[in-house]
Amino acid sequence: MYDPQALQAKWLPRWEESNPFAAVEDAADTRPRKYMLDMFPYPSGDLHMGHGEVFAIGDVVARYWFQKGYNVLHPIGWDSFGLPAENAAIKRNAHPAEWTYANIETQANSFKRYAISFDWSRRLHTSDPEYYHWNQWLFTRFYERGLAYRKGGLVNWCPQDQTVLANEQVVAGKCERCGADVVRRELTQWYFKITDYADRLLDDMARIQDGWPERILTMQRNWIGRSTGADVRFEIEGRDEPVTVYTTRPDTLYGATFFVVAADAPLAEEIVAPEQAEALAAYRAEVAKLSDIERLSTEKEKTGVFLGIHAVNPVSGERIPVWAADYVLSDYGHGAIMAVPAHDQRDLDFARKFGLPVKVVVHTGLADPGETGVATPGEGTLVNSGPLDGLTKAEAIGKIIEVLEERGTGRAAVNYRLRDWLLSRQRFWGTPIPIIHCVDCGEVPVPDDQLPVTLPDLRGADLKPKGVSPLAAATDWVNVSCPKCGGPAQRDTDTMDTFVDSSWYFLRYCDPDYTDGPFDVEKVRKWGPIDQYVGGVEHAVLHLLYARFFTKVLHDMGMVDFVEPFERLLNQGQVINHGKAMSKTLGNGVDLGQQIDNYGVDAVRLTMIFAGPPEDDIDWADVSPAASQKFLARAFRVMTEAGAASAPGTGFSGGDVELRKVTHRTIDEVTRLVDGHRFNVAVARMMELTSAARKAIDAGPGAADPAVREAAETLAVMLSLVAPYVAEEGWERLGHAPSVAKAGWPQADPALLVQESVTAVVQVAGKVRDRLEVSPDISEADLEALALESEKVRAYLDGAPRKVIVRAPKLVNIVP
RNA sequence: GCCCCCGUAGCCCAAUGGCAGAGGCAAGCCCCUUAAAAGGGCUGUGGUGUGGGUUCGAGUCCCACCGGGGGCACCA
């Protein structure tokens, strides 16, 4: 009788005794190493169905590598800083740590029951001072290298969470975490200079092209948004310094009929003519009222205000009016543009709204944009452009850059959509920024020997968001003496974005108790980079971009010898229910613990794996854990009956050849399928092997045949990747000592893979007319001859065929 | 609006350009059983969203369209 709960009760305590999946650091261990990593969980209560899927998938890979004899590092930890803990603490008048660490314990126990092959000795929590110490250490190193800096400017502010956000954390104008509408605020904040690494983040994608899903790379490419063009300097009448604009279409310079400055840029206020100052102020006030969503809407009518002054086209000498508008962004390029309405739709919309001239400078063969209202941004021949006339777009771009450089009024330029990573947060449950502000010395990093700067003991109402960090209220903590001059000074009261924590945690797993630095450089050299990373697609431009950035900086610091942290990435799908994401409001949630109680760990894991390709969503309404349980019971009976009928250790060579062939074909296929991450198909093959063994027991050579034992043992080992409990019990019933997880991956015997005969299909004009049993190594000529002799085939032929295509040994197609 | 991915049986899903069906769910039938459950077995006419094309041969490659999902979307 297959009783999953009894198997769990039996085996879980035994596995817990020995940390069986510990990675081996011993230098004498020469086995090749593999590093398998699942994105670490946030401890928001117990594990849910999504965890159930991602960790089941990752565990197939890890357990497969264990079976193959690799020295495998498969660690687990918790991403345990973050807002939910803080909100829970406010609600319960408690400390965020209480909620956090209680949830971590719950999840850890659930992971153990779920039988994921972690090395439990490497567990880490990012909210431990022993961990965030090194966030601070790394911050200081970044600061020293000019990669962490503070600046004022417009930032994204989430009114719900009462903190600023990085650009990556604003999705369609809403807070990525809570969904509130994000507003813009003028604030001084800390940034990481990720833009310095924009080119490398783009160019190094070539190294991981084959291991990452294409769409993630595309999303990162779009996010970084590299474009090439030129910087062009325009004189502004009445201003000493020229103003530079960035354009991707310098070839259209002669078509610039007006000039636009971002309404919120300081430049607009500076250059506005006195008689237009009031109009500008009114316009700016109006723009400031708009939410990001409204401002970014492409449907929105163009708005703007004339600044009462003119700019001078550096090549044509033409005077063009200067406007301020909100369709020009202050933080991209130089916050100002030359407007070429004929060849840019946005400029054209603006020109038509305000009656500005439209001048065609690229002849594209399309109707005049000034009349149609449709800009012509495509290829063409330059006209009305002095020295550029007659050139193609590409030629003109090259030529005009030459001209601009000669005259000293411009040059080729590259621009990025990527902005620096805003890392400070006005919240409590995170890593304090290790900076002290001194009136005399300015920003002073906390000396390394005074790290970590630990969080003060705040709880409950102290943590209520009030727009500034709760740390500011802890005056005893804030007021310190300056490390440089000893004078009175204050600690920085912001904490770090929790994405800092997750940007390097995979390095610390190599030695989570290391005290001489964030990670043991030597051990990372041995384990890194990660061979397989598994996690959700939601981190495409968040965690995955930041971790790549950190790795490159650490590489430049000489601390890691690779430039990409994750060689292969697998994005699992979501677990949904009845076509929709599970949610409280829909009431369609499925509880992982409940599923396990009902069907057992093995059946739940098997259901996750068998449902479909790992990157596809699983609709829980479409799959059947009960059926999985049934299959496991079937497999269990085969293992039990084989175990009872024969003893381990006897040779298989005398066993039933037909069953042996099935077994070895299964080994061959499952090996390839697991290598290719085709786990659902691999399970189907295991099901077939189970059926073949069942048949052999009931209606073939019987349970005592060595081939039955071979099939059952093979099944136990393969099943251990997905259903560790039943595999372990089956292995024991087959007379082996635990653990099946280390039994070793079976090898297919090539002699048993060859077929004595195969069925060759003979087609006439593409239709199957006969089948021939032939040797698998039949020659093309022999097969063709055989096919042409066939009576069935000849019935469809009159005279000699026009053409015969032979694909020995499987197919002949005769064209009459 | 632009870009990417996916449409195979009632459902989930297989199928190096070569017989459309491996596996599972559901359904139906049979065996076992006093009966039921459990167990064992059997049953696949949808021609691969639609229309073209390439090819001896297309689910697979190309084009267009339809449907679903995702990404980007005033970034000059």
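Just so we're on the same page: letters track the sequence lines, and every chain starts at 1.
Aromatic rings from A:Phe354 and A:Phe258 are positioned such that their centres are separated by 6.0 Å or more.
Taking a cutoff of 4.0 Å between a charged side-chain nitrogen and a carboxylate oxygen, A:Asp344 and A:Arg249 do not qualify as a salt bridge.
Across all strands shown, A:Ser628 has no heavy atoms under 4.0 Å from either base or sugar-phosphate atoms. Counting non-hydrogen atoms under 4.0 angstrom, A:Thr218 reaches nothing in the nucleic acid. If you check every strand for non-hydrogen atoms under 4.0 Å, A:Arg769 touches nothing.
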Could you go through nucleotides 17-24 of chain B and list every protein N or O atom that sits under 3.5 Å from one of its N or O atoms, giving the distance for each pair?
residue: B:rG18; atom: O6; partner: A:Arg807; partner atom: NE; Å: 3.2
residue: B:rG18; atom: O6; partner: A:Arg807; partner atom: NH2; Å: 3.4
residue: B:rG18; atom: N2; partner: A:Asn813; partner atom: ND2; Å: 3.2
residue: B:rC19; atom: O2; partner: A:Arg771; partner atom: NH1; Å: 2.1
residue: B:rC19; atom: O2; partner: A:Arg771; partner atom: NH2; Å: 2.9
residue: B:rC19; atom: N3; partner: A:Arg771; partner atom: NH1; Å: 2.8
residue: B:rA22; atom: O2'; partner: A:Arg685; partner atom: NH1; Å: 3.3
residue: B:rA22; atom: O2'; partner: A:Glu688; partner atom: OE1; Å: 2.9
residue: B:rA22; atom: O2'; partner: A:Glu688; partner atom: OE2; Å: 2.6
residue: B:rA22; atom: N3; partner: A:Arg685; partner atom: NH1; Å: 3.4

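With hydrogens and angles left out, the side-chain atoms of A:Thr759 and A:Glu773 include a donor and acceptor closer than 3.5 Å. Side-chain polar atoms of A:Trp421 and A:Glu168 form no donor-acceptor pair below 3.5 angstrom. Counting only N and O atoms by type, the side chains of A:Tyr327 and A:Asp347 include a donor and acceptor under 3.5 Å apart.
For B:rG10 and B:rC66, the C1' atoms lie 23 Å apart once the distance is rounded to whole Å. Comparing B:rA27 with B:rA22, their P atoms sit 22 Å apart, to the nearest whole Å. As rounded to the nearest Å, B:rA20 and B:rG44 have P atoms that lie 16 Å from one another. Going from the C1' atom of B:rC61 to that of B:rU55 covers 10 Å, rounded to whole Å. Look at the C1' atom in both B:rU50 and B:rC11: the space between them is 23 Å, to the nearest Å.
The side chain of A:Arg637 contributes an N or O atom lying less than 4.0 Å from OP1 or OP2 of B:rG40.
Pairing for B:rC61 is with B:rG53, a Watson-Crick or G-U wobble pair whose two hydrogen-bonding atom distances lie under 3.5 Å. Nucleotide B:rC25 has B:rG10 as its partner under the Watson-Crick or G-U criteria, with both atom distances under 3.5 Å.
Not a single donor-acceptor pair under 3.5 Å links the side chain of A:Asn680 to the backbone N or O of A:Ile609.
Between A:Thr247 and A:Val541, the residue anchored closer to the 5' end of RNA chain B is A:Val541, taking for each the nucleotide with the nearest heavy atom. Residue whose closest nucleotide on RNA chain B sits further toward the 5' end, between A:Arg417 and A:His334: A:Arg417.
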* To do: Before giving the answer on side chain to side chain contact (heavy atoms under 4.5 Å, CB included), spell out for A:Asp181 and A:Lys174 the whole-Å C-alpha distance, their side-chain angles and the decisive distance to 0.1 Å.
  => CA-CA 5 Å; A:Asp181 284 357; A:Lys174 291 178 188 296; 2.8 Å; yes
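A straight line from CZ of A:Phe631 to C1' of B:rG39 spans 16 Å, rounded to a whole angstrom.
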